[in-house]
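Reminder, nothing fancy here: chain letters follow the sequence lines and each chain counts from 1. Predicted model, so just to flag it, every value in this text is computed and none were measured.
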Amino acid sequence: MDKTFNAEEAEPRIYAKWEDEGCFAAGANKSRDDAFCIVIPPPNVTGSLHIGHALNNTLQDILVRWKRMQGFDTLWQPGTDHAGIATQMVVERELAETQQPSRAAMGREKFVERVWEQKEKSEGTILGQLKRLGCSCDWSRNEFTMSPNLSAAVLKVFVDLYNQGLIYKDKRLVNWDPKFETAISDLEVENIETDGHMWHFKYPLAGGATYEYVEKDEGGDVTLLETRDYISIATTRPETMLGDGAVAVHPSDERYAPIVGQLCEIPVGPKEHRRLIPIITDDYPDPDFGSGAVKITGAHDFNDNGVAQRGNIPCYRLMDTKGAMRADGGPYVDEAAKAQAIIDGAEMTANEIDAINIVPDDLRGLDRYEARKRVIDQITAEGLAVMVPADHPEVAWMKGTAPEWNALGRAKITPLEDGTDGPAVLPMVESKKIMQPFGDRSKVVIEPMLTDQWFVDAKTLAQPALEAVRNGTTKFAPQNWEKTYFNWLEDIQPWCISRQLWWGHQVPVWYGPDLITDDDASTNADRIEWDFKQPVPFCATSFKEAAADARRYYSGYFGNAQPKIFLAEDQTSAEAEHRGVRGIALYRDPDVLDTWFSSALWPFSTLGWPDKTPELDRYYKTDVLVTGFDIIFFWVARMMMQGIHFMDGEVPFHTVYINSIVVDGKGQKMSKSKGNVLDPLELIDQYGADATRYALASQEVQGRRTLRMSNQSVEGGRNFGTKLWNAARFAEMNEAYSAHGESVPEATATVNKWILGETARATAEVTRALDEYRFNEAATACYDHVWKVFCDWYVEFAKPLLGGEDEALKTETRACMAWALDQCLILLHPIMPFVTEELWGTLAQRQNPLMHATWPEFGAIADADADAEMGWVIKLIEGIRSVRAEMNVPAGAKIDLVLTGAGDTVSARLDRNRALIERLARLETSAVADAAPEGSVTIVLGDCSANLPLAGVIDVTAEKARLSKALAKAEKEAGGIEKKLGNQGFLEKAPEEVIEEQRDRLSAAQSEAARLNAALERLAAM
RNA sequence: GGGCGGUUAGCUCAGCUGGUAGAGCGCUUCGUUUACACCGAAGAUGUCGGGGGUUCGAAUCCCUCACCGCCCACCA
């Protein structure tokens, strides 16, 4: 055997062997009837896996390997996610970077083909990475969210929910991403605090009306009284003023009571076509904020939309899909002018009619931010900005510090009455931190937009999902995440599932025309009128079915003739198809579904649903979901909703284990832009998969949010592997190997009895830790047992025995060591599968690979006497070593040991373990005597003293100091315990065993102190 | 504004249901004795964030404050 494990060579070889032998297949190594199933959180096919994936998959693999060894019918279901928007973004970026035709230039079909190429490439990378990591997924079942089977499941779910009324189309305000030109869900919006401004503008009252504006302080005294011909509003988004439908004030706000119900003018655009909007009351405005009056822009603000809904205020969409002001000007808003124009016909030119559309000519096509500047400029130039003194504390706008577009001096500055120079009054612009919504992928500011979208009635689906966690059917580990889950589900909003993208599952809805017939139409198809203003939806899992539905629907219009149903590419071609054809053209909804819609089905779609497959029957519900907290809402909650709904109320998993987020050595979130990402493949290349896995597992603490990952921790993992490797090397050199059965060997020597017990203890500990998903504890238990117990002590103890004369003892020790080592390999295998498998195969010829070995369950094989005896031996050796080091006894020098105060037990212990003790403590002789030899150094060990005659080397002063220190410690301890035992309250209230323990400790401390005192006295006599 | 984590040895962190403060790394001193220098032996280092409380007893339970971090939230 080499001195170290060659991970680079061995790991791929071992993995290939496992794979070739079908070790990962569902049910492999099954020895019991119950199943254990984990579905992988499918990685996005956007690129490669990061260290967070490495953690997530290591934890899953640990559980899966462990359960498989326990004999469960185990399946780890692998797969990847098409990740709609993210993948489309990756491909679009790549097209741009390589100067290839853009998405639009390619067209939908070509582009989607191109994304499939990306999928193939990325999937290959990802699966390769998972294999390098050692993941024991059943690759024969590898899935993809857009595979034919899973797509069928998606369509069925959509159609079923549609038919149940749980999916519907609605015109609602949604989060619109102007970069990707699609709607996104609430969850895909990140609210980030940014520097913003709030402008204060005057909306003049219609017809020059005036009112007395009165402000009062808390005591009711008037602090301001003036006649106003306007209402002052504050806004952070002046460009949306054009879409205002009203100005709202709080019903209790006395300042504006006189003008509620009146009209005011939006001060933007050509004066002759400015819109008048009503001043209304609503509970939404906060009288203490701003001016207390809020402009209501129902189509571009969620709060305003609420007000608009309540007050029946019109909503005007101002922008196009890119967030630019509508080039078409939008709808007519001046109904009177429009009517006049129609009546007048030729009296008004097309341009003139155009001029009264909602977006004025000079703003059309402008980006929303450019439009904002123009609007501000226009209002300010007109003198309708609220002006304040330049030294007003709330005015942050100052020369040289304002945003560039505001610093151009566009504001009309009214000179001060005292005649001083300079801008004494300024437009009121408050600098303000505002929460701005950004697209989580696009990183651009999200625009609330009024559009037609598909929604899932999440509220209905959420109720059973809530109940399942409330009643413990599904549990979170750690449990505190349940609160997060509840908070979100309890206040869940309709889920917008349609995306205006190309990569994804296309909405299974086909639209037909809205037919209007007159009396004769049923016999004369030529007289049917149609349009697509209100298209008729046909929701079905295929065009064929949709066409059948359509045929039924439209047949009434065609008399006895069955209308022919055509599939058109889009609405435009559908309209074209109709001309001159005796039939109906349908076109499919071009939108695709939110990627999480298909991910939500993952636990059952991957098992074959909607077919009733044996796998579905066998493995659903699955057992544990291992995932990060960042997708509890996106994914976990939605799997719960869909799983319960479609699987007869059965939850998708009984446990959700929330793993940590991996951060760098400084605690910073890893990101490509920071350049602090740890590539799992690089770590594996450098240190091996086992080392990487160990580092991750040993630092995964349940309930902790972050896991700091560094090369140093992986080094530790590698060192541990090497340690194990060398222990095995020692065993091999000493022929302490053989393919034993699984039965525990017979032991007669205390040291062998002891290691059997230690092994059983470690096994129980690792099993318990894994049962509780305490990965760090499992890893640490393995580490301590392998390194500190097996290597540091047992191997050392075994050396004199294996090199001794007693053949029977030799044989027994070999057997025990071989067995104990095998158990180490078994225990460690889930965490470090490669090195353990390699050793398993190297040490002996075996029928099964280690990964199919049986996870042991030992009864009471620990021997209390052996434990006590070896504990004593270890303490003795440590004590001697410690003294030797302190007394500077040369390492090579062999000294003598004389035990005093030893009873039969201690004498017997010494006799039984003399070889080990003498060797490890480097003793010449060891014996029991009545009195300590002259000039001895004394170590107190409970009831007896270990005396080392070091007359030649002893430094009396140093030894006195050492003993005094030990004495002080013992006396301090004794004192503390005495105090405790003298406390009446303690004696009365503490449990008996605790009191007993304290008494034992006291007597031990007292006896130790006595022996130390005796040793000091002897020393004083020298 | 609400919620959730964290604050323990120089560094990174364990410490589960209250009962003798631990590990890894780093540091110091030894050391090549039939596995291992990716090693072995021996060491040093802690008012367990501050303040209160409950208790016979608190790193651990409760309250409160401070700081760091995350998540959710509609103040124009």
Side-chain angles (χ1 to χ4, degrees), chain A residues 1 3-5 191 198 233-237 248 284-286 288-297 301-307 432 434-435 478 480-481 483-484 487-488 491 629-630 632-633 661 663 665-667 669 687 691 698-699 701-708 710 712-713 715-734 768-769 772 774 776-777 780 783-784 788 791-792 795-796 799 802-803 877-878 881-886 888 890-892 919-920 922 973 976-977 980 983-991 993-995 997-998 1001 1005:
Chain A
M1 277 173 79
K3 271 197 167 185
T4 56
F5 173 58
N191 289 304
M198 193 157 77
I233 60 93
T235 180
T236 54
R237 301 206 51 200
Y284 165 60
D286 174 1
D288 297 326
F289 187 87
S291 68
V294 184
K295 65 194 260 322
I296 302 301
T297 320
D301 184 284
F302 286 96
N303 291 315
D304 292 6
N305 190 257
V307 179
K432 202 171 170 306
I434 53 173
M435 291 302 272
N480 54 296
W481 287 109
K483 201 163 179 174
T484 309
N487 287 346
W488 188 67
D491 188 34
F629 63 77
D630 48 340
I632 290 178
F633 303 149
I661 297 292
V663 297
K666 292 174 193 154
K669 210 169 174 176
Y687 302 103
S698 64
Q699 293 178 96
V701 181
Q702 188 180 128
R704 205 177 169 89
R705 298 293 180 88
T706 54
L707 186 163
R708 284 197 199 200
S710 62
Q712 199 180 55
S713 58
E715 243 172 67
R718 181 208 47 192
N719 295 353
F720 181 39
T722 306
K723 187 73 183 177
L724 175 71
W725 180 265
N726 280 292
R729 226 175 125 227
F730 175 84
E732 191 208 30
M733 286 168 163
N734 287 280
R768 180 205 58 83
E772 295 172 15
R774 298 192 179 271
N776 64 320
E777 291 178 10
T780 309
Y783 186 95
D784 287 348
K788 296 182 176 176
C791 292
D792 285 354
V795 167
E796 295 305 323
K799 281 174 184 174
L802 293 169
I877 293 167
E878 280 175 343
R881 281 172 171 174
S882 181
V883 164
R884 290 180 61 120
E886 276 184 64
N888 292 317
R919 182 189 174 101
L920 296 189
R922 304 198 60 70
E973 198 189 346
I977 301 167
K980 210 179 223 184
N983 184 332
Q984 207 48 42
F986 176 70
L987 293 177
E988 280 165 17
K989 298 188 178 168
E993 66 267 24
V994 172
I995 296 173
E997 194 189 329
Q998 294 298 321
R1001 281 186 54 211

Query raised in the report: Under 3.5 Å, is there a donor-acceptor pair between the side chain of A:R774 and the main chain of A:Q702?
Result: no
Query raised in the report: Quick one: the side chain of A:K799 and the base of B:A35, do they pair up donor-acceptor inside 3.5 Å?
Result: yes
Query raised in the report: Which class fits the ring pair A:W481 and A:F629: parallel under 30°, tilted 30 to 60°, perpendicular over 60°?
Result: parallel
Report task. Using a heavy-atom cut-off of under 4.0 Å over every strand shown, decide if A:M435 touches base, sugar-phosphate, or nothing. Result -> base
Query raised in the report: Across the strands shown, which category fits A:F302 at heavy-atom distances under 4.0 angstrom: base, sugar-phosphate, nothing?
Result: nothing
Query raised in the report: Quick one: CG on A:L707 to OG on A:S713, what's the gap to the nearest 0.5 Å?
Result: 8.0 Å
Query raised in the report: Between B:U60 and B:A21, how far is it from one C1' atom to the other, in whole Å?
Result: 11 Å
Report task. Would you indicate what A:V994 reaches in the nucleic acid, counting non-hydrogen atoms under 4.0 angstrom: base, sugar-phosphate, or nothing? Result -> base
Report task. Select base, sugar-phosphate, or nothing to describe what A:D286 touches, counting heavy atoms under 4.0 Å on all strands. Result -> base
**Report entry** Watson-Crick or G-U wobble mate for B:A35, both contacts under 3.5 Å
**Finding:** none
Query raised in the report: Looking only at atom C1', what distance separates B:C39 and B:G24, rounded to whole Å?
Result: 16 Å
Query - Nearest-nucleotide pick for A:A891, side chain only, options being B:G15, B:G31, B:A42 - result: B:G31
Report task. Rounded to whole angstrom, note down the C1' distance from B:G40 over to B:U32. Result -> 10 Å
Query raised in the report: Which nucleotide sits closest to the side chain of A:R708: B:C13, B:C16, B:A42?
Result: B:C13
Query raised in the report: The side chain of A:T235 lies closest to which of these nucleotides: B:A14, B:C74, B:A76?
Result: B:A76
Query raised in the report: How many Å lie between CG on A:L920 and C1' on B:G31, as a whole number?
Result: 15 Å
Query raised in the report: So, are A:E777 and A:R768 salt-bridged, with charged N and O less than 4.0 Å apart?
Result: yes
Report task. Look at the side-chain N and O atoms of A:N726 and state whether any lies under 4.0 Å from the OP1 or OP2 oxygen of B:C39. Result -> no
Query - Pairing partner (Watson-Crick or G-U wobble, both distances under 3.5 angstrom) of B:C67 - result: B:G6
Report task. May I ask you to say what A:G292 touches in the nucleic acid, namely base, sugar-phosphate or nothing, with a heavy-atom cut-off under 4.0 Å? Result -> base
Query raised in the report: Under the salt bridge (Lys or Arg N to Asp or Glu O under 4.0 Å) criterion, do A:R881 and A:E878 qualify, and how do the steps go?
Result: CA-CA 5 Å; A:R881 281 172 171 174; A:E878 280 175 343; over 6 Å; no
Query raised in the report: Atom NZ of A:K3 to atom P of B:C36: distance rounded to whole Å?
Result: 5 Å
Query raised in the report: Reckon A:R705 has a side-chain N or O less than 4.0 Å from the OP1 or OP2 of B:C70?
Result: no
Report summary line: Per atom distances to the A:N480 side chain, the nearest of B:C36, B:U20, B:G5 is B:G5
**Report entry** Distance, rounded to the nearest Å, where A:L724 contributes CG and B:C39 contributes C1'
**Finding:** 15 Å
Query raised in the report: How far does the P atom of B:U20 sit from the matching atom of B:G1, given to the nearest Å?
Result: 42 Å
Query raised in the report: Starting at OH of A:Y783 and ending at P of B:C36, how long is that distance when rounded to a whole Å?
Result: 18 Å
Query - Base partner of B:A41, which must satisfy Watson-Crick or wobble distances under 3.5 Å - result: B:U29
Query raised in the report: To the side chain of A:R718, which of B:G19, B:C74, B:C38 is closest?
Result: B:C38
Query raised in the report: With a 3.5 Å cut-off and just heavy-atom distances, do the side chain of A:R729 and the base of B:C36 make a donor-acceptor pair?
Result: no
Query raised in the report: Which part of the nucleic acid, if any, lies within contact of A:E988, taking any heavy atom under 4.0 Å across all strands shown: a base, the sugar-phosphate backbone alone, or nothing?
Result: nothing
Query raised in the report: Base, sugar-phosphate alone, or nothing: which one does A:F720 contact when heavy atoms must sit under 4.0 Å apart?
Result: nothing
Query raised in the report: Expressed in angstrom and rounded to an integer, what is the separation of A:F986 atom CZ from B:G57 atom C1'?
Result: 8 Å
Query raised in the report: In whole Å, what separates the P atom of B:C63 from that of B:A73?
Result: 27 Å
**Report entry** A:F633 and A:W488 aromatic ring geometry - parallel, tilted or perpendicular at 30°/60° bounds
**Finding:** parallel
Requested in this report: Look at the side chain of A:R884 and the backbone N and O of A:P890, then say whether any donor-acceptor pair between them is shorter than 3.5 Å.
Outcome: yes
Query raised in the report: Atom CD of A:Q712 and atom C1' of B:C38: how far apart are they, to the nearest Å?
Result: 13 Å
Report summary line: A:R1001 has its side chain closest, among B:G43, B:U20, B:A35, to B:U20
Query raised in the report: Contact class for A:E796 vs. all strands (heavy atom < 4.0 Å): base, sugar-phosphate, or nothing?
Result: base
Query raised in the report: Which base sits across from B:G1 as a Watson-Crick or G-U pair, both distances under 3.5 Å?
Result: B:C72
Report task. Looking only at side-chain atoms of A:C791, point me to the closest of B:U33, B:C38, B:A35. Result -> B:A35
**Report entry** Whole-Å gap separating P (B:A42) and CZ (A:R922)
**Finding:** 14 Å
Query raised in the report: Is any side-chain nitrogen or oxygen of A:S882 closer than 4.0 Å to OP1 or OP2 of B:G43?
Result: yes
Query raised in the report: For the side chain of A:T4, counting heavy atoms from C-beta on, which of B:C38, B:A14, B:G43 is nearest?
Result: B:C38
**Report entry** Side-chain donor/acceptor of A:D301 to backbone N/O of A:D304, under 3.5 Å
**Finding:** yes
Query raised in the report: Does the base of B:C36 carry an N or O that pairs as donor and acceptor with the side chain of A:K723 under 3.5 Å?
Result: yes
**Report entry** B:G57 versus B:C65 - spacing of their P atoms, nearest Å
**Finding:** 26 Å
**Report entry** Atom P, compared across B:U7 and B:A14: separation rounded to whole Å
**Finding:** 7 Å
Query raised in the report: Is there a donor and acceptor pair, one atom on the side chain of A:Q699 and one on the base of B:A14, closer than 3.5 Å?
Result: no
Requested in this report: Please confirm whether the backbone N or O of A:N776 pairs with a side-chain atom of A:T780, one donor and one acceptor, at under 3.5 Å?
Outcome: yes
**Report entry** Given B:A42, B:C74, B:C13, the nucleotide with the shortest approach to the side chain of A:N303
**Finding:** B:C74
Report task. Verify the contact: side-chain N or O of A:K788 to OP1 or OP2 of B:A41, cut-off strictly under 4.0 Å; return yes or no. Result -> no
**Report entry** Complementary nucleotide for B:G22 - Watson-Crick or wobble, under 3.5 Å
**Finding:** B:C13
Report task. Pick base, sugar-phosphate or nothing for A:R919, based on heavy-atom distances below 4.0 Å to the nucleic acid. Result -> base
Query - Proximal nucleotide (of B:C13, B:A76, B:A35) relative to the A:R704 side chain - result: B:C13
Query raised in the report: In whole angstrom, what separates A:M198's CE from B:C75's C1'?
Result: 9 Å
